[in-house]
Amino acid sequence: MNSQGSGGLRVHSHRLQDADIAEEEIKDEGVLTDSFGFVADEYSRFLVAAKQDEKEAWKRMQETAAFREREKVDGLLEQPHPQFFLLKSVYSHGFLGVSKSDTGSYVLLDKMGKFHQTMKDFRKHGITEKDVMRHSMLTMEWFCKVIDPRRYPHGRFIRVYDFEGFKMQHVRDVGAIKMGTSIVSMIEKHYPERLEKAYVINAPPVLFHLWNIVKRMLDRETVKKFCIVKGKEESCALMQGLMEADMLPVEYGGTLERLEESACEKALYEHISEMNT
């Protein structure tokens, strides 16, 4: 069952309303259960994340149901987001487009090298960790319901963290580390099997020390998906291998002048503009 928002936006409902629904109902092939709201595809993702342990998968789904209700995630795409454009202006991130991979996964780029300045801008403008977390939920809802709603093993994305400009003194920003780790943990817990691969590019030597700390806070399977690439030449080669030139930012050898000019970001910007009016 799909629902259609204003402006013709088609979304795929994940609404979870009845935590006591029978487990068997959720496993119906391709059926979205009106009383609970999970599709069979989502059950598949939780099951893989739980290493085929059905009881554990069911437990995690119930936890996500409670999370979505508590955080009011349902309907997030149909709500105004007054801080969206400000947040985007100080935190450079967004979907570039479809990768060259056999799975046709989309690529999400995060410019993390100057995140210490981003954190200063957050504080300056009164943007809290909760605001950034909610923005991350919005990004995930947009991806799952609009960009790539394909069934598992599709519907996953490749995340690229660019740490160019990251320095030793930035490690001292505990708030930034905590926020970044919390976002990754939220996604791995409540959007399981959505992350296909994560690349950390332009990684300075100090980042390896930081990674040894951060990875202890993440699920072991999530850690396995991370690959660290150091050096400008190696990082550009990786990006050029991932994306066609017209979807790749100029700093990696592509022709995309600005991140917000990608087709994925244009569509999101237009939708949020509509919601904010």
Next item on the list: Mind checking side chain to side chain donor-acceptor pair (under 3.5 Å) for K232 and listing every partner two or more places apart, or none if nothing turns up?
Entry: E164

Checklist line | Rounded distance (nearest 0.5 Å) linking atom OH of Y199 with atom CG of L109 | finding: 14.0 Å

Margin query: Does any part of the side chain of L96, heavy atoms only, come nearer than 4.5 Å to the side chain of P249, both counted from C-beta?
Written below: yes

Check: Taking only residues two or more places apart in sequence, or in another chain, which ones meet Q83 in a side chain to side chain donor-acceptor pair (under 3.5 Å)?
Finding: none

Check: Considering residues at least two apart in sequence or located in another chain, which fulfil the salt bridge (Lys or Arg N to Asp or Glu O under 4.0 Å) criterion with K224?
Finding: E221

Margin query: Going by side chain to side chain contact (heavy atoms under 4.5 Å, CB included), name the residues that satisfy it together with V98, two or more places apart in sequence or in a different chain.
Written below: Y106

Margin query: On a heavy-atom basis, which atom in L238 and which in V229 lie closest, and how many Å separate them?
Written below: CD2-CG2, 4.1 Å

Note to self: If you compare all heavy atoms of H209 against all heavy atoms of P205, which two are closest, and at what distance to 0.1 Å?
What the structure shows: CD2-O, 3.8 Å

Check: With no hydrogens and no angle check, is any side-chain donor or acceptor of H154 less than 3.5 Å from a backbone partner on P149?
Finding: no

Note to self: Looking at every heavy atom in both K225 and L195, which two are closest together, and how far apart are they?
What the structure shows: NZ-O, 2.8 Å

Notebook entry, point to check: For E188, what residues pass the salt bridge (Lys or Arg N to Asp or Glu O under 4.0 Å) criterion, not counting sequence neighbours?
Noted result: none

Next item on the list: Carefully, step by step, assess D148 and R150 under the rule salt bridge (Lys or Arg N to Asp or Glu O under 4.0 Å).
Entry: CA-CA 6 Å; D148 194 357; R150 293 178 299 165; 2.7 Å; yes

Check: Is the distance between the ring centroids of F115 and Y91 under 6.0 Å?
Finding: yes

Checklist line | salt bridge (Lys or Arg N to Asp or Glu O under 4.0 Å) partners for E234, two or more places apart | finding: none

Notebook entry, point to check: Between R194 and R45, is a side-chain contact (heavy atoms from CB on, under 4.5 Å) present by the stated rule, with each step listed?
Noted result: CA-CA 8 Å; R194 290 293 181 179; R45 295 179 193 275; 3.3 Å; yes

Check: Should F46 and W58 be marked as a ring pair (Phe, Tyr, Trp, His ring centres under 6.0 Å) after you check the CA-CA gap, both sets of side-chain angles, and the distance that decides it?
Finding: CA-CA 8 Å; F46 277 94; W58 186 243; 9.6 Å; no

Check: Is it true that atom CZ of R70 has more than 12 heavy atoms of other residues, nucleotides or ligands lying nearer than 6.0 Å?
Finding: yes

Check: Got F67 and M186 here, is their nearest side-chain heavy-atom distance under 4.5 Å?
Finding: yes

Notebook entry, point to check: Do T128 and D131 get their side chains close enough for a donor-acceptor pair, meaning under 3.5 Å?
Noted result: yes

Next item on the list: Apply salt bridge (Lys or Arg N to Asp or Glu O under 4.0 Å) to the pair R68 and E141, showing each step before the final yes or no.
Entry: CA-CA 11 Å; R68 293 182 70 88; E141 292 293 297; 3.0 Å; yes

Note to self: So does G104 get a backbone contact from the side chain of S99, meaning a donor-acceptor N/O pair under 3.5 Å?
What the structure shows: no

Next item on the list: Show the numbers, then the answer: is there a side-chain contact (heavy atoms from CB on, under 4.5 Å) between D162 and M112?
Entry: CA-CA 6 Å; D162 187 346; M112 302 296 292; over 6 Å; no

Item checked: Smallest separation among heavy atoms of L248 and G253, with atom names -> CD2-C, 4.3 Å

Margin query: Test salt bridge (Lys or Arg N to Asp or Glu O under 4.0 Å) on K88 and E265; report intermediate values, then the result.
Written below: CA-CA 11 Å; K88 279 282 194 179; E265 290 299 293; 2.7 Å; yes

Check: Are any non-hydrogen side-chain atoms of I201 and Y161 less than 4.5 angstrom apart?
Finding: no

Item checked: Distance-only polar pair, side chains of E42 and Y191, donor-acceptor under 3.5 Å -> no

Check: If you count the non-hydrogen atoms of other residues, nucleotides and ligands that lie under 6.0 Å from CD in Q52, is the total more than 12?
Finding: yes

Item checked: Residue pair V200, F166: steps toward the side-chain contact (heavy atoms from CB on, under 4.5 Å) verdict -> CA-CA 12 Å; V200 178; F166 190 82; over 6 Å; no

Next item on the list: Kindly indicate whether the side chain of S262, heavy atoms from C-beta on, has any atom under 4.5 Å from the side chain of M247.
Entry: no

Checklist line | Closest non-hydrogen atom pair between E251 and K111, with its separation | finding: OE2-NZ, 2.6 Å

Item checked: Other residues, nucleotides, ligands: >12 heavy atoms within 6.0 Å of K130 NZ -> no

Next item on the list: With sequence neighbours left out, write down each residue that passes side chain to side chain contact (heavy atoms under 4.5 Å, CB included) with N276, or none if nothing qualifies.
Entry: P80, H81, F85, I272

Item checked: Short N-O contact, E193 and R156, less than 4.0 angstrom -> yes

Check: Rounded to the nearest 0.5 Å, what separation is found between the CD atom of E244 and the CG atom of L256?
Finding: 13.0 Å

Item checked: Counterpart residues, side chain to side chain donor-acceptor pair (under 3.5 Å), relative to K59 (two or more places apart) -> E63

Checklist line | side chain to side chain donor-acceptor pair (under 3.5 Å) against H93, all qualifying residues, sequence neighbours excluded | finding: H135

Next item on the list: Please say whether more than 12 non-hydrogen atoms of neighbouring residues, nucleotides or ligands are located less than 6.0 Å from NZ in K100.
Entry: yes

Next item on the list: Kindly indicate whether the side chain of E129, heavy atoms from C-beta on, has any atom under 4.5 Å from the side chain of K178.
Entry: yes

Item checked: Any residue meeting salt bridge (Lys or Arg N to Asp or Glu O under 4.0 Å) with E56, in chain and number order, not counting sequence neighbours -> R60

Checklist line | Minimum side-chain heavy-atom gap L138-W142 below 4.5 Å | finding: no

Checklist line | Side chains of P204 and K230 in contact at under 4.5 Å (non-hydrogen atoms) | finding: no

Item checked: Counterpart residues, side chain to side chain contact (heavy atoms under 4.5 Å, CB included), relative to T181 (two or more places apart) -> I177, S185, V214, M217, L218

Note to self: Walk me through whether M119 and H116 qualify under side-chain contact (heavy atoms from CB on, under 4.5 Å).
What the structure shows: CA-CA 5 Å; M119 290 294 293; H116 65 293; 5.7 Å; no

Margin query: Applying side chain to side chain contact (heavy atoms under 4.5 Å, CB included), can you list everything that pairs with L108, at least two apart in sequence or on another chain?
Written below: F95, D110, F157, R159

Notebook entry, point to check: Which atom pair, heavy atoms only, marks the closest approach of G97 to C264?
Noted result: CA-SG, 4.2 Å

Check: Got a donor-acceptor contact below 3.5 angstrom from the T64 side chain to the M61 backbone?
Finding: no

Next item on the list: Calculate, to the nearest 0.5 Å, the distance between atoms NZ and CD belonging to K266 and E261 respectively.
Entry: 6.0 Å

Notebook entry, point to check: Within a strict 4.5 Å, meaning less than it, do heavy atoms of the I127 and L86 side chains meet?
Noted result: yes

Checklist line | R151 side, atom CZ; D41 side, atom CG - distance, nearest 0.5 Å | finding: 5.5 Å

Margin query: Any side-chain to backbone donor/acceptor pair from R134 onto E71? Under 3.5 Å, distance only.
Written below: yes

